[in-house]
Amino acid sequence: MKLFTTKNFKALCALLLVVCFGASLFFISCKQEQKSKIDKKAVEQIGFYETYRYNDIAQDISKLCEAAGDSTLIRSTNNSNDLVPVVYSAQESDTAAINDIITKYGKDILPSDLRLIWTKKTTPKGFYELIALKTNAAGEPAMTGESVVNVSTSGEKEHIICLVFNEEGSKQFSQLTIQNISKPIAIVYKDKVLSYPTVNNQIDGKRIEIPGNYTEQEAKDFVNEMYGKK
């Protein structure tokens, strides 16, 4: 008795071909998934900071300017704009001189939990903004991006960066928003402020959006960097 007829043998070969083809698709799929794996070192450089309003630190800024003999950073503290964390707006050519003042005199004058850094993008008028961040006791942000599991973009005319947290990160971010209702939270990456939106209410969802008036290419570049593709 023959174990395999010609017909059965052909059927077996076809079955093996399907199995092998399916296996190859599985490995290709795994390889693509591996390529899209989030870069932990990149997302860990994202920081979520509580902020100071300008009128909260106006006296400290005045002392800093007095020590430097330069009144550049001093402004009126009697209008609504002083409720935002913007200390100063400057053209790129002026940022280095201001950084020098902060570096030279800030350590002895400014609050130890105050960190002043510039925005990544300019305002529509072409100015970079110096933002007042509030750090924790260790000089770190209230929360890092280590719990981010997905990064993407959305929008057509105004491109937005979208972050998705894991369960733990979602709870941590929700608690951070509870503590900062009606206050801005600054999102920082590589020592540049991406955005500082004001918290209107508690955010419970795992997915958050970072506004910033990005171009399509800027948004894509950021996402690629989060996946180690840049």
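FYI, side chains are in, hydrogens and waters are out, and symmetry mates aren't considered; it's all heavy atoms of this structure. Throughout, numbering of the chain's residues begins at 1 and tracks the sequence.
- Contact annotation: the side chain of V148 never approaches that of M226 to less than 4.5 Å [non-hydrogen atoms, C-beta and beyond].
- Here CD1 of I185 is found 3.5 Å from CG of L176. Values are rounded to the nearest 0.5 Å.
- Between the side chain of T51 and the backbone N or O of P184 there is at least one donor-acceptor pair closer than 3.5 Å.
- Between the S71 side chain and the I74 main chain, no donor and acceptor come within less than 3.5 Å of each other.
- How far OH of Y49 is from CG of N180: 14.5 Å, rounded to the nearest 0.5 Å.
- We find that D191 and R115 are joined by a salt bridge, their nearest charged nitrogen and carboxylate oxygen being less than 4.0 Å apart.
- Between the side chain of T119 and the backbone N or O of E129 there is at least one donor-acceptor pair closer than 3.5 Å.
- Put simply, the side chain of T153 never gets that close to the backbone of K220: no donor and acceptor are under 3.5 Å apart.
- I61 has its side chain within reach of L110: a pair of non-hydrogen atoms, C-beta onward, lies under 4.5 Å apart.
- Counting heavy atoms from C-beta outward, D82 and R75 have side chains that approach closer than 4.5 Å.
- Of the possible donor and acceptor atoms, one in the side chain of S170 sits under 3.5 Å from a partner among the backbone N and O of D204.
- Side-chain contact between L133 and Y52: absent, with no pair of heavy atoms (C-beta onward) separated by less than 4.5 Å.
- Checked against the 6.0 Å centroid criterion, the rings of Y214 and F222 do not qualify as a close aromatic pair.
- Panel note: side chain K183, backbone V199; no donor-acceptor pair is recorded below 3.5 Å.
- By the salt bridge (charged side-chain N to carboxylate O under 4.0 Å, His left out) test, K120 pairs with no residue at all, sequence neighbours left out.
- Without hydrogens or angle criteria, S89 side chain to F127 main chain gives no donor-acceptor distance under 3.5 Å.
- Enclosure of atom NZ in K40 by more than 12 non-hydrogen atoms of other residues, nucleotides or ligands within 6.0 angstrom is indicated.
- Two residues are said to be in side-chain contact when any heavy atoms from C-beta on lie closer than 4.5 Å; E50 and N136 fail this criterion.
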